[in-house]
Amino acid sequence: MSGEASVVEEVKRVIYTKETIQQRIKELGKDISEHYKGEEVVVVGVLKGAFIFMADLVRACTFPCTLDFLAISSYGAGTTSSGNVKIVMDTRTDLSGKHVLIVEDICDTGLTLQYLLNLLGARKPKSLECCVFLQKSACLKVPELKLKWVGFQAEPVFVVGYGLDRAEEFRNLEYVGELKEEFYKKK
């Protein structure tokens with residue numbers, strides 16, 4: 001179904017196709033692999049949204065790596081980040097003295113990523129970088145946040161698919177699409 005993915009009725013428009021996403025991941029994998037040049041890296045995925053992106057990304061990278069995950073909550077029942085981050089599941093790997101790459105699905109305000117950088121930075125890794133699938137620069141509340149790798153600059157609209165959700169739905173879409181307002185706005 002190359003390029004002709006069926007669009008669910010809740011999606012207003014497709015923003016990034018499966019092919020566009022896969023091409024960008026190849027580019028990111030090449031850039032990240034050149035940066036680490038054979039160094040062993042602990043790749044930490046932020047659950048649940050980053051799991052699809054992380055799986056594709058590590059397959060596009062050529063350095064040796066181990067994988068770990070953490071789960072956080074910053075949205076609660078809402079559709080925007082509250083800025084109040086809660087660790088639901090922490091990493092199990094000792095990150096001290098290791099290269100660590102955080103893989104996140106989306107950077108809205110930057111508050112969650114800033115929290116994660118501070119949290120994992122306190123564990124004394126050899127290096128600590130971020131790779132984010134989507135960044136909504138227009139929504140950023142942490143201007144000093146420096147992201148080493150960004151898949152795409154996203155518009156300030158509600159997006160779903162490729163791991164991104166609305167109340168746990170739509171993660172399985174192979175594309176990223178804009179959700180119609182009536183499916184997330186309260187009436």
Side-chain angles (χ1 to χ4, degrees), residues 1-30 32 42-61 65-82 85-92 101-110 112-113 116 130-139 147 149-187:
M1 211 181 226
S2 179
E4 296 298 321
S6 122
V7 178
V8 297
E9 71 175 271
E10 297 90 345
V11 171
K12 181 177 180 178
R13 67 188 169 104
V14 173
I15 299 172
Y16 301 111
T17 65
K18 175 183 178 180
E19 291 77 15
T20 301
I21 292 168
Q22 292 307 312
Q23 180 57 43
R24 182 64 181 129
I25 288 171
K26 284 180 189 173
E27 295 165 2
L28 287 169
K30 183 180 177 199
I32 294 168
V42 179
V43 181
V44 177
V46 182
L47 295 174
K48 296 178 187 170
F51 82 103
I52 294 174
F53 175 52
M54 180 177 168
D56 287 345
L57 183 66
V58 296
R59 288 191 297 248
C61 292
C65 65
T66 58
L67 309 179
D68 205 338
F69 296 91
L70 52 79
I72 57 170
S73 174
S74 66
Y75 283 79
T79 58
T80 58
S81 178
S82 66
V85 181
K86 181 172 68 171
I87 299 291
V88 177
M89 181 185 87
D90 206 343
T91 59
R92 294 186 173 110
L101 175 62
I102 299 170
V103 177
E104 176 66 297
D105 60 349
I106 192 164
C107 178
D108 278 321
T109 63
T112 301
L113 264 177
L116 288 176
C130 291
C131 181
V132 176
F133 178 56
L134 296 176
Q135 180 181 16
K136 291 185 179 180
S137 296
C139 304
L147 302 175
W149 297 283
V150 175
F152 299 98
Q153 290 294 331
E155 302 167 33
V157 296
F158 198 105
V159 291
V160 294
Y162 198 72
L164 300 158
D165 74 307
R166 192 270 344 249
E168 299 299 326
E169 296 180 309
F170 308 110
R171 289 189 197 278
N172 62 318
L173 300 177
E174 62 184 14
Y175 55 85
V176 172
E178 178 182 355
L179 193 64
K180 292 177 183 173
E181 274 192 42
E182 62 262 29
F183 293 103
Y184 67 91
K185 291 275 186 182
K186 293 183 180 177
K187 297 178 180 181

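Quick caveat, the model's predicted, so the values are computed rather than measured.
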Do L101 and V42 have side chains that get closer than 4.5 Å, going by heavy atoms? no
Using every non-hydrogen atom in the two residues, find where G177 and V11 come nearest and quote the distance to one decimal. CA-CG1, 3.9 Å
Before accepting this row, confirm whether a basic side-chain N of the pair E155/R13 lies closer than 4.0 Å to the acidic partner's carboxylate O. yes
With distance as the sole test, does K180 use its side chain to make a donor-acceptor pair with the main-chain N or O of E9 at under 3.5 Å? yes
Pair Y162, D105: side-chain N/O donor-acceptor within cut-off below 3.5 Å: no
Are any of the side-chain heavy atoms of V160 and E169 separated by less than 4.5 Å? no
Using 4.0 Å as the upper bound for N to carboxylate O, is an ion pair formed by K48 and E168? yes
Can you confirm whether V176 sits close enough to T17 that some side-chain heavy atom of one is under 4.5 Å from a side-chain heavy atom of the other? no
State, yes or no, whether a side-chain contact exists between W149 and L28 at a heavy-atom distance under 4.5 Å. yes
Salt bridge or not for K185 and E182, using N-O below 4.0 Å? no
Pair E27 + K30: basic N to acidic O under 4.0 Å: no
Quick check against the 3.5 Å criterion: does D68 have a side-chain atom that pairs as donor or acceptor with the backbone of R92? yes
Ring pair (Phe, Tyr, Trp, His ring centres under 6.0 Å) with Y16: which residues, sequence neighbours excluded? F152
Main chain of G151, side chain of R24: is a donor-acceptor contact present, judged purely on distance under 3.5 Å? yes
Spacing of L164 atom CG and L173 atom CG [to the nearest 0.5 Å]: 10.0 Å
Do L67 and V44 have side chains that approach each other closer than 4.5 Å (heavy atoms only, starting at C-beta)? no
If I compare all heavy atoms of V8 with all of Y175, which pair ends up nearest, and what's the gap? N-OH, 3.2 Å
Which heavy atom of V132 sits nearest to which heavy atom of C107, and what is that distance? CG1-N, 3.7 Å
Okay, side chain of R166, backbone of F183: is any donor-acceptor separation there less than 3.5 Å? yes
Nearest heavy-atom pair of D108 and K136: which atoms, and what distance? OD1-CD, 2.9 Å
I72 versus E104, closest heavy-atom pair with distance: CD1-OE2, 4.3 Å
